[in-house]
Amino acid sequence: MSTETTNSLKTSKMSLSSLKVMHFDTGRSWRGGQNQVYLLIRELKKMGLKQVLITPDNSPLGQKVKNERIKTLTLGPVNDIDLRAAWKLSRYINKFSADIIHLHSAKSLAIALMVFKMLKIKAGSVFTRRVDFPLKDNIFNRLKYGFPDRVAVISDFIKDRMTGGGFKEPVRIYSAVDIKKYAPGKRVADSDAGVKIGMAGELDLKHKDFLTFINAAENILKKTGISDVEFYIAGSGKDRLKIKNVIVDKRLNNSIRMEGFISDINSFYNKLDILVHTVHYEGLGTVIL
């Protein structure tokens, strides 16, 4: 938070419940990051903070936050230098009179950078990084990741990826899951016998190694002689068709079922005997949590 904002809070003896927090996330799909933003907003609501979320129109995150009766505003920047989006963001900030702007994606960070540099924004700024790929050391990234008052990361792995290279030292704040929601439930009954093995996640082969899951299924079905086993993939994403084609090419479409996006993911977990997560590394790994 900026010095000016901090002093203002101290002078007015503003209570925590009086803070106005504006969240900005540019994700258009429902991934682990959007779930973490949703849980954060939900918990801050319990603490009495006034909040507003800026997100692309019709985003799953926006809909979930609306269901919590928290105000949402729409903004979907097309790139990191979308001047129209920056102008719209500045209007939102002034209208809401935010004390803190919490940025939840690299694109939201870039748009906010333009607004903070061009205008005299009194609000404090926080950026939370949840992705695990390393940052390129260039002038634009130094400007972008250097302007927030605080940079937070959700794990030591991501912190290591940001350490050095001239970037601001991040603060580690772990994200979590709702243990009540994911407590073991009643096993979902299924008329078919056999072992059920599944994997859940965004269908993005760059980040999730579904091909290893498919190859493992092929080995079990074709090399061991075991037949009373079924495989399931839950999730949606840009590589859905690629994954489907691999399954068809291997003639496994009767044994590996693609369930698509499942809003109640606990129902998926509860019908499995084994949950598999064939990912080489992740920033946090909320599926395992």
Side-chain angles (χ1 to χ4, degrees), residues 1-2 4-6 8-9 12-78 80 82-116 118-130 147-152 154 173 175-178 180-181 261 263-264:
M1 186 179 294
S2 64
E4 183 178 354
T5 305
T6 303
S8 176
L9 293 176
S12 62
K13 296 183 179 179
M14 184 181 292
S15 66
L16 186 63
S17 62
S18 299
L19 282 176
K20 291 184 176 182
V21 181
M22 174 173 281
H23 302 273
F24 186 13
D25 181 80
T26 56
R28 297 178 183 273
S29 61
W30 183 258
R31 303 185 65 167
Q34 280 68 50
N35 186 52
Q36 291 165 23
V37 175
Y38 166 69
L39 291 176
L40 172 64
I41 291 174
R42 194 186 69 178
E43 295 305 310
L44 290 179
K45 177 187 175 183
K46 294 177 182 178
M47 298 171 66
L49 274 72
K50 297 176 178 65
Q51 301 176 88
V52 63
L53 169 69
I54 301 174
T55 186
D57 192 25
N58 295 322
S59 73
L61 173 61
Q63 188 56 55
K64 277 186 169 287
V65 170
K66 282 181 182 178
N67 292 340
E68 294 287 338
R69 297 186 178 182
I70 293 175
K71 185 176 181 61
T72 62
L73 304 169
T74 58
L75 180 59
V78 295
D80 285 0
D82 189 335
L83 294 176
R84 185 175 181 180
W87 171 78
K88 197 172 182 179
L89 176 62
S90 67
R91 293 189 63 187
Y92 285 158
I93 293 173
N94 290 331
K95 186 175 181 179
F96 185 64
S97 300
D99 298 302
I100 299 172
I101 313 298
H102 194 162
L103 307 161
H104 296 282
S105 64
K107 192 175 290 184
S108 70
L109 182 63
I111 300 301
L113 169 63
M114 291 190 287
V115 175
F116 274 74
M118 291 187 296
L119 304 173
K120 292 183 179 179
I121 303 296
K122 296 181 179 180
S125 55
V126 178
F127 170 65
T128 298
R129 185 171 173 83
R130 298 182 173 88
F147 102 84
D149 296 311
R150 292 289 185 272
V151 174
I154 62 171
I173 303 175
S175 285
V177 296
D178 184 344
K180 292 182 180 179
K181 179 179 179 180
F261 176 77
S263 57
D264 180 15

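Computed from a prediction, not measured in an experiment: that's the story for all the values here.
- Under the ring pair (Phe, Tyr, Trp, His ring centres under 6.0 Å) criterion, Phe24 pairs with no residue at all, not counting sequence neighbours.
- When the side chain to side chain donor-acceptor pair (under 3.5 Å) test is applied to Asp264, no partner is found at least two apart in sequence or on another chain.
- The two atoms that bring Ile93 and Ile121 nearest to each other are CG2-CG2, 4.3 Å, heavy atoms only.
- Smallest separation of non-hydrogen atoms from Ser90 and Leu119: CB-CD1, 3.4 Å.
- Under the 4.5 Å side-chain criterion, counting only non-hydrogen atoms from C-beta, Thr74 is in contact with Lys88.
- Between Leu73 and Lys71, the closest side-chain pair of non-hydrogen atoms falls below 4.5 Å.
- Judged as a side chain to side chain contact (heavy atoms under 4.5 Å, CB included), and not counting sequence neighbours, the contacts of Ala110 are Asp80, Phe140, Lys144.
- The minimum heavy-atom distance linking Pro56 with Asp25 is given by the pair CD-O, 3.3 Å.
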Requested in this report: Walk me through it: do Gln34 and Tyr38 pass the test side chain to side chain contact (heavy atoms under 4.5 Å, CB included)?
Outcome: CA-CA 6 Å; Gln34 280 68 50; Tyr38 166 69; over 6 Å; no
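- Residues passing the side chain to side chain donor-acceptor pair (under 3.5 Å) test with Arg130, sequence neighbours excluded: Gln36, His104.
- Distance alone, capped at 3.5 Å, places no donor-acceptor pair between the Gln63 side chain and the Asn58 backbone.
- Between Arg129 and Leu109 there is no side-chain heavy-atom pair separated by less than 4.5 Å.
- For Ser59, the side chain to side chain donor-acceptor pair (under 3.5 Å) partners are Thr55, not counting sequence neighbours.
- Taken to the nearest 0.5 Å, the NZ atom of Lys64 stands 12.0 Å off from the CD1 atom of Ile41.
- In this structure, the side chain to side chain donor-acceptor pair (under 3.5 Å) partners of Thr26, at least two apart in sequence or on a different chain, are Ser105.
- With rounding to the nearest 0.5 Å, the separation of CG in Leu19 from CE in Met47 is 9.0 Å.
- Applying the side chain to side chain contact (heavy atoms under 4.5 Å, CB included) criterion to Ala98, with sequence neighbours excluded, gives Met22, Phe96, Ile101.
- Of the inter-residue distances, the one linking Leu89 atom CG with Met114 atom CE reads 9.0 Å to the nearest 0.5 angstrom.
- In this view, Ile173 and Ala152, Val171 satisfy the side chain to side chain contact (heavy atoms under 4.5 Å, CB included) rule, not counting sequence neighbours.
- Residues satisfying the salt bridge (Lys or Arg N to Asp or Glu O under 4.0 Å) test with Arg84, not counting sequence neighbours, are none.
- Taken from CG in Leu40 to OG1 in Thr128, the straight-line distance is 7.5 Å, to the nearest 0.5 Å.
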Report task. For side chain to side chain contact (heavy atoms under 4.5 Å, CB included), just list the numbers for Asp149 and Val126, CA-CA rounded to whole Å, side-chain angles, deciding distance to a tenth of an Å, and then say yes or no. Result -> CA-CA 6 Å; Asp149 296 311; Val126 178; 5.9 Å; no
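- Remark: Phe116 pairs with Phe147 by the ring pair (Phe, Tyr, Trp, His ring centres under 6.0 Å) rule, at least two apart or across chains.
- None of Leu103, Val52, Leu44, Ile54 except one satisfies the side-chain contact (heavy atoms from CB on, under 4.5 Å) rule with His23; the exception is Leu44.
- Closest approach of Ile154 to Ser175, counting heavy atoms only: CG2-OG, 3.3 Å.
- Every residue meeting the side chain to side chain contact (heavy atoms under 4.5 Å, CB included) condition with Ser29, not counting sequence neighbours, appears here in chain and number order: Arg31, Glu202.
- Here the closest non-hydrogen pair linking Pro148 and Phe127 is CG-CB, 4.0 Å.
- Sorted by first and then second residue, the salt bridge (Lys or Arg N to Asp or Glu O under 4.0 Å) pairs with a member in residues 43-57 read Glu43-Lys46, Lys45-Glu68; sequence neighbours excluded.
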